[in-house]
*Asks:* 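Would you mind keeping the following structure in view while I ask a few things?
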Amino acid sequence: EVGAGDFTAGLWSNLPFKDKVKDTSAPEFDLYGSYTWNVDKELSIVPGITLYDYPKAPTNAGYYRATIEPSLALNYTYAGVKLTPKLYYDFTLSGPTYELTAAYALPLKDFGTELDFTGQIGSYIQRNVANKTDPDVKAWGNYWQVGVAAPFQITKESKLTVGFAYTEGTSASVKQGTAPKTANPLAVGRGVVTVSYSYAF
(Lines give C-alpha, C1' and ligand atoms only; values in the text may rest on other atoms or scores of the structure.)
Protein backbone atom coordinates (compact mmCIF):
# COMPACT_ATOMS: atom_id res chain seq x y z
CA GLU A 1 0.00 0.00 0.00
CA VAL A 2 1.22 3.49 -0.79
CA GLY A 3 -0.11 6.85 0.31
CA ALA A 4 0.53 10.36 -0.99
CA GLY A 5 -1.28 13.18 0.77
CA ASP A 6 -4.95 12.24 1.00
CA PHE A 7 -4.74 9.53 -1.67
CA THR A 8 -4.13 5.84 -0.92
CA ALA A 9 -3.70 2.91 -3.31
CA GLY A 10 -2.71 -0.67 -2.81
CA LEU A 11 -2.75 -4.29 -3.87
CA TRP A 12 -3.94 -7.19 -1.70
CA SER A 13 -3.35 -10.74 -2.82
CA ASN A 14 -4.20 -14.27 -1.74
CA LEU A 15 -2.02 -16.86 -3.46
CA PRO A 16 -1.92 -20.49 -2.20
CA PHE A 17 1.47 -22.16 -2.68
CA LYS A 18 0.35 -25.73 -1.95
CA ASP A 19 -2.72 -27.82 -1.14
CA LYS A 20 -4.90 -25.62 -3.32
CA VAL A 21 -8.59 -26.46 -3.09
CA LYS A 22 -9.94 -27.70 -6.41
CA ASP A 23 -12.47 -25.56 -8.32
CA THR A 24 -11.96 -22.38 -6.30
CA SER A 25 -11.28 -18.82 -7.46
CA ALA A 26 -7.71 -18.58 -6.08
CA PRO A 27 -5.44 -16.78 -6.68
CA GLU A 28 -7.00 -13.39 -5.94
CA PHE A 29 -5.61 -9.90 -6.60
CA ASP A 30 -7.47 -6.85 -5.23
CA LEU A 31 -6.43 -3.45 -6.53
CA TYR A 32 -7.90 -0.62 -4.44
CA GLY A 33 -7.76 3.13 -4.06
CA SER A 34 -9.35 5.82 -1.88
CA TYR A 35 -9.27 9.55 -1.21
CA THR A 36 -9.77 11.15 2.21
CA TRP A 37 -11.57 14.47 2.30
CA ASN A 38 -11.15 16.07 5.73
CA VAL A 39 -14.22 18.09 6.71
CA ASP A 40 -12.78 19.06 10.11
CA LYS A 41 -10.56 17.57 12.83
CA GLU A 42 -13.14 14.93 13.81
CA LEU A 43 -14.85 14.14 10.51
CA SER A 44 -13.66 12.92 7.12
CA ILE A 45 -15.33 11.43 4.03
CA VAL A 46 -13.59 8.62 2.14
CA PRO A 47 -14.78 7.51 -1.32
CA GLY A 48 -13.01 4.44 -2.66
CA ILE A 49 -13.08 1.63 -5.20
CA THR A 50 -11.80 -1.95 -5.37
CA LEU A 51 -11.24 -4.18 -8.40
CA TYR A 52 -11.30 -7.88 -7.45
CA ASP A 53 -9.39 -9.98 -9.98
CA TYR A 54 -9.44 -13.80 -10.13
CA PRO A 55 -7.40 -14.63 -13.25
CA LYS A 56 -7.78 -18.42 -13.00
CA ALA A 57 -11.32 -18.63 -11.64
CA PRO A 58 -13.31 -21.49 -13.25
CA THR A 59 -16.23 -19.65 -14.83
CA ASN A 60 -17.94 -22.96 -15.63
CA ALA A 61 -18.20 -23.54 -11.85
CA GLY A 62 -20.05 -20.25 -11.33
CA TYR A 63 -17.09 -17.98 -10.50
CA TYR A 64 -16.40 -14.52 -11.92
CA ARG A 65 -13.00 -13.52 -13.25
CA ALA A 66 -13.44 -9.96 -11.93
CA THR A 67 -15.85 -7.76 -10.00
CA ILE A 68 -15.79 -4.04 -9.18
CA GLU A 69 -16.97 -2.45 -5.94
CA PRO A 70 -17.04 1.29 -5.15
CA SER A 71 -17.47 2.38 -1.54
CA LEU A 72 -18.18 5.40 0.63
CA ALA A 73 -17.09 5.77 4.26
CA LEU A 74 -17.33 8.35 7.02
CA ASN A 75 -14.68 8.64 9.74
CA TYR A 76 -15.85 10.31 12.94
CA THR A 77 -13.78 10.49 16.14
CA TYR A 78 -15.43 11.04 19.51
CA ALA A 79 -13.71 10.71 22.91
CA GLY A 80 -10.81 8.88 21.30
CA VAL A 81 -13.01 6.32 19.54
CA LYS A 82 -12.97 6.33 15.74
CA LEU A 83 -16.29 5.26 14.21
CA THR A 84 -16.42 4.33 10.51
CA PRO A 85 -19.75 3.49 8.88
CA LYS A 86 -19.14 2.28 5.33
CA LEU A 87 -21.28 1.35 2.34
CA TYR A 88 -20.07 -0.88 -0.53
CA TYR A 89 -21.88 -1.86 -3.70
CA ASP A 90 -20.62 -4.62 -5.98
CA PHE A 91 -21.92 -4.01 -9.51
CA THR A 92 -21.13 -7.54 -10.69
CA LEU A 93 -22.67 -9.37 -7.74
CA SER A 94 -25.53 -6.83 -7.68
CA GLY A 95 -25.69 -6.03 -4.00
CA PRO A 96 -24.65 -3.78 -1.11
CA THR A 97 -22.58 -4.39 2.01
CA TYR A 98 -23.17 -2.30 5.13
CA GLU A 99 -20.33 -2.10 7.65
CA LEU A 100 -19.53 -0.34 10.94
CA THR A 101 -16.03 -0.27 12.43
CA ALA A 102 -14.95 1.11 15.83
CA ALA A 103 -11.28 1.65 16.71
CA TYR A 104 -9.53 2.77 19.90
CA ALA A 105 -5.83 3.18 20.71
CA LEU A 106 -4.60 2.53 24.27
CA PRO A 107 -1.13 4.06 24.85
CA LEU A 108 1.54 1.90 26.51
CA LYS A 109 4.23 4.51 27.06
CA ASP A 110 6.42 2.29 29.25
CA PHE A 111 6.73 -0.17 26.37
CA GLY A 112 7.03 2.41 23.61
CA THR A 113 3.91 1.21 21.82
CA GLU A 114 0.12 1.09 22.04
CA LEU A 115 -2.70 -1.42 21.74
CA ASP A 116 -4.97 -0.74 18.77
CA PHE A 117 -8.37 -2.33 19.40
CA THR A 118 -10.79 -2.82 16.51
CA GLY A 119 -14.37 -4.10 16.35
CA GLN A 120 -16.43 -4.54 13.20
CA ILE A 121 -19.89 -5.71 12.20
CA GLY A 122 -21.34 -6.00 8.73
CA SER A 123 -24.23 -7.26 6.66
CA TYR A 124 -24.52 -8.01 2.94
CA ILE A 125 -27.01 -9.11 0.31
CA GLN A 126 -25.95 -10.09 -3.21
CA ARG A 127 -28.46 -10.99 -5.91
CA ASN A 128 -26.14 -12.42 -8.59
CA VAL A 129 -23.34 -14.35 -6.90
CA ALA A 130 -22.99 -17.13 -9.48
CA ASN A 131 -21.78 -16.53 -13.02
CA LYS A 132 -23.88 -17.78 -15.97
CA THR A 133 -26.76 -19.22 -13.93
CA ASP A 134 -30.49 -18.99 -14.58
CA PRO A 135 -32.28 -18.18 -12.37
CA ASP A 136 -29.84 -15.98 -10.44
CA VAL A 137 -28.26 -17.17 -7.20
CA LYS A 138 -28.78 -14.89 -4.20
CA ALA A 139 -26.59 -14.78 -1.07
CA TRP A 140 -26.91 -12.85 2.16
CA GLY A 141 -25.55 -12.88 5.71
CA ASN A 142 -23.75 -11.06 8.50
CA TYR A 143 -20.20 -10.99 9.85
CA TRP A 144 -18.26 -9.62 12.80
CA GLN A 145 -14.64 -9.21 13.84
CA VAL A 146 -12.66 -8.18 16.94
CA GLY A 147 -8.94 -7.62 16.99
CA VAL A 148 -5.94 -6.01 18.68
CA ALA A 149 -2.59 -4.94 17.25
CA ALA A 150 0.63 -3.47 18.65
CA PRO A 151 2.93 -1.30 16.50
CA PHE A 152 6.66 -1.11 17.26
CA GLN A 153 8.78 1.71 15.86
CA ILE A 154 11.97 0.17 14.45
CA THR A 155 13.50 3.35 13.03
CA LYS A 156 12.19 6.85 12.45
CA GLU A 157 10.84 5.72 9.06
CA SER A 158 9.90 2.07 9.67
CA LYS A 159 7.38 0.27 11.87
CA LEU A 160 6.54 -3.36 12.62
CA THR A 161 2.99 -4.25 13.69
CA VAL A 162 1.86 -7.56 15.23
CA GLY A 163 -1.84 -8.33 15.61
CA PHE A 164 -4.50 -10.94 16.24
CA ALA A 165 -8.15 -10.93 15.17
CA TYR A 166 -11.08 -13.30 15.26
CA THR A 167 -13.70 -13.06 12.53
CA GLU A 168 -16.89 -15.01 11.90
CA GLY A 169 -19.72 -15.14 9.38
CA THR A 170 -23.25 -15.68 10.70
CA SER A 171 -26.78 -16.18 9.35
CA ALA A 172 -25.35 -16.78 5.88
CA SER A 173 -27.64 -18.34 3.28
CA VAL A 174 -27.74 -19.05 -0.46
CA LYS A 175 -30.87 -19.35 -2.60
CA GLN A 176 -31.49 -19.92 -6.33
CA GLY A 177 -34.83 -18.91 -7.80
CA THR A 178 -37.73 -20.51 -5.93
CA ALA A 179 -35.59 -23.29 -4.42
CA PRO A 180 -35.32 -23.42 -0.61
CA LYS A 181 -32.49 -21.45 0.96
CA THR A 182 -29.43 -23.37 2.17
CA ALA A 183 -26.69 -22.47 4.66
CA ASN A 184 -23.58 -20.97 3.10
CA PRO A 185 -20.66 -23.27 4.06
CA LEU A 186 -18.13 -20.47 3.47
CA ALA A 187 -19.37 -18.54 6.54
CA VAL A 188 -17.06 -19.86 9.28
CA GLY A 189 -15.08 -18.51 12.23
CA ARG A 190 -11.31 -18.07 12.09
CA GLY A 191 -8.52 -16.59 14.19
CA VAL A 192 -5.91 -14.67 12.20
CA VAL A 193 -2.39 -13.62 13.21
CA THR A 194 -0.89 -10.73 11.21
CA VAL A 195 2.61 -9.28 10.94
CA SER A 196 3.10 -6.15 8.85
CA TYR A 197 5.96 -3.79 8.08
CA SER A 198 5.67 -0.20 6.89
CA TYR A 199 8.22 2.32 5.68
CA ALA A 200 7.53 6.05 5.32
CA PHE A 201 9.55 8.39 3.11
*Asks:* Considering only heavy atoms from C-beta outward, does the side chain of Thr97 approach that of Tyr143 to under 4.5 Å?
*Replies:*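 Touching, per the 4.5 Å side-chain cut-off.
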*Asks:* Can you name the nearest heavy-atom pair linking Lys138 to Ile125, along with the distance?
*Replies:*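 Looking at all heavy atoms of both residues, the closest pair is CE-CD1, 3.5 Å.
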*Asks:* Return the CD1 to CD distance between Ile121 and Gln145, rounded to the nearest 0.5 Å.
*Replies:*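 Reported to 0.5 Å precision, the distance equals 12.5 Å.
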*Asks:* Got a donor-acceptor contact below 3.5 angstrom from the Ser158 side chain to the Gln153 backbone?
*Replies:*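 Side chain of Ser158 to backbone of Gln153, a donor-acceptor pair under 3.5 Å: no, none is there.
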*Asks:* Does the side chain of Asn128 pick up a donor-acceptor pair with the side chain of Tyr64 at under 3.5 Å?
*Replies:*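 Yes, Tyr64 and Asn128 have a side-chain donor paired with an acceptor closer than 3.5 Å.
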*Asks:* Checking side-chain contact (heavy atoms from CB on, under 4.5 Å) for the pair Val195/Thr161: CA distance, chi angles, key distance, verdict?
*Replies:* CA-CA 6 Å; Val195 179; Thr161 302; over 6 Å; no
*Asks:* Do Glu1 and Thr8 make a side-chain contact, defined as non-hydrogen atoms from C-beta onward lying under 4.5 Å apart?
*Replies:*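 They are in side-chain contact.
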*Asks:* Name all pairs fulfilling the side-chain hydrogen bond (donor to acceptor under 3.5 Å, both in side chains) condition that reach into residues 173-195, sequence neighbours left out, sorted by first residue then second.
*Replies:*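 Non-adjacent pairs meeting side-chain hydrogen bond (donor to acceptor under 3.5 Å, both in side chains): zero.
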*Asks:* For the residue pair Phe29 and Tyr52, establish whether any side-chain heavy-atom pair is separated by less than 4.5 Å.
*Replies:*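 When only atoms from C-beta onward are counted, Tyr52 and Phe29 do not touch, as no gap falls below 4.5 Å.
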*Asks:* How long is the span from the OH atom in Tyr88 to the CD atom in Glu69, to the nearest 0.5 Å?
*Replies:*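 Atom-to-atom, Tyr88:OH and Glu69:CD are 7.0 Å apart.
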*Asks:* Rounded at 0.5 Å granularity, tell me how far CG in Leu72 sits from CD1 in Ile49.
*Replies:*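 CD1 of Ile49 is found 12.5 Å from CG of Leu72.
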*Asks:* How long is the straight-line distance from CG of Leu11 back to CG of Asp53, given to the nearest 0.5 Å?
*Replies:*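 Atom-to-atom, Asp53:CG and Leu11:CG are 9.5 Å apart.
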*Asks:* Quick one: closest heavy-atom pair of Ala187 and Ala172, and the distance?
*Replies:*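 In this case the closest contact between Ala187 and Ala172 is CB-CB, 3.4 Å.
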*Asks:* Is any side-chain heavy atom of Trp144 less than 4.5 Å from a side-chain heavy atom of Thr170?
*Replies:*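 Yes, their side chains come closer than 4.5 Å.
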*Asks:* Kindly compute the distance separating CG (Leu93) from CG (Asn131), expressed to the nearest 0.5 Å.
*Replies:*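 Those atoms lie 10.0 Å apart.
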*Asks:* Please list, one pair per line, the donor and acceptor atoms closer than 3.5 Å that link side chains of residues 102-120 to other protein atoms, with sequence neighbours excluded.
*Replies:*
unit_1: Thr113; atom_1: OG1; unit_2: Pro151; atom_2: O; d: 2.3
unit_1: Gln120; atom_1: NE2; unit_2: Glu99; atom_2: OE1; d: 3.4
unit_1: Gln120; atom_1: NE2; unit_2: Thr101; atom_2: OG1; d: 3.0

*Asks:* For Tyr98 and Pro96, which heavy atoms make the closest approach, and how far apart are they?
*Replies:*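 For Tyr98 versus Pro96, the nearest heavy atoms are OH-CG, 3.5 Å.
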*Asks:* Between Asn14 and Pro27, is there a side-chain heavy-atom distance shorter than 4.5 Å?
*Replies:*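 SC-SC contact between Pro27 and Asn14 ruled out.
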*Asks:* Rounded to the nearest 0.5 Å, what separates atom CG in Asp6 from atom CG in Asn38?
*Replies:*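 Answer for the CG-CG pair, Asp6 versus Asn38, is 5.5 Å.
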*Asks:* Less than 6.0 Å separating the ring centroids of Tyr89 and Phe91?
*Replies:*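 Aromatic pair counts; centres sit under 6.0 Å.
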*Asks:* Heavy-atom distance under 4.5 Å between the side chains of Val46 and Thr84, does that happen here?
*Replies:*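 No, their side chains stay 4.5 Å or more apart.
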*Asks:* If a pair satisfies side-chain hydrogen bond (donor to acceptor under 3.5 Å, both in side chains) and one of its residues is in residues 39-51, list it, with sequence neighbours excluded.
*Replies:*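 Matches after skipping sequence neighbours: Ser44-Asn75.
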*Asks:* Check whether any side-chain heavy atom of Trp140 lies under 4.5 Å from a side-chain heavy atom of Gln126, and answer yes or no.
*Replies:*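 No. Closest side-chain heavy atoms not under 4.5 Å.
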*Asks:* Would you please test Ile154 and Lys159 for side-chain contact (heavy atoms from CB on, under 4.5 Å) and show each step?
*Replies:* CA-CA 5 Å; Ile154 307 301; Lys159 182 168 60 176; 5.8 Å; no
*Asks:* Determine, using the 4.5 Å side-chain heavy-atom cutoff (strictly less than), whether Val39 and Tyr35 are members of one ILVMFWY cluster.
*Replies:*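 Yes, Val39 connects to Tyr35 through the hydrophobic network.
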*Asks:* Using atom types as modelled and distance alone, determine if a side-chain donor or acceptor of Ser13 lies under 3.5 Å from a backbone N or O of Glu28.
*Replies:*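 Looks like yes, one N/O pair under 3.5 Å.
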*Asks:* Please tell me whether Val193 and Val148 are part of a single hydrophobic cluster in this structure, the criterion being side-chain heavy atoms less than 4.5 Å apart.
*Replies:*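 No, Val193 does not connect to Val148 through the hydrophobic network.
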*Asks:* Is the count of non-hydrogen atoms from other residues, nucleotides or ligands lying under 6.0 Å from Tyr78 atom OH greater than 12?
*Replies:*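 Not buried by this count: 12 neighbours or fewer within 6.0 Å.
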*Asks:* Honestly curious: do Ile45 and Leu83 fall in one hydrophobic cluster under the side-chain, below-4.5 Å linking rule?
*Replies:*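 Different clusters: Ile45 never reaches Leu83 through Ile, Leu, Val, Met, Phe, Trp or Tyr contacts under 4.5 Å.
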*Asks:* Any donor and acceptor pair, going by atom type alone, linking the side chain of Arg65 with main-chain N or O of Ala57 inside 3.5 Å?
*Replies:*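 A pair under 3.5 Å: yes.
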*Asks:* Locate the shortest heavy-atom distance separating Phe164 from Tyr166; write the atom from each residue and the value.
*Replies:*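 Closest approach of Phe164 to Tyr166: CE2-N, 4.4 Å.
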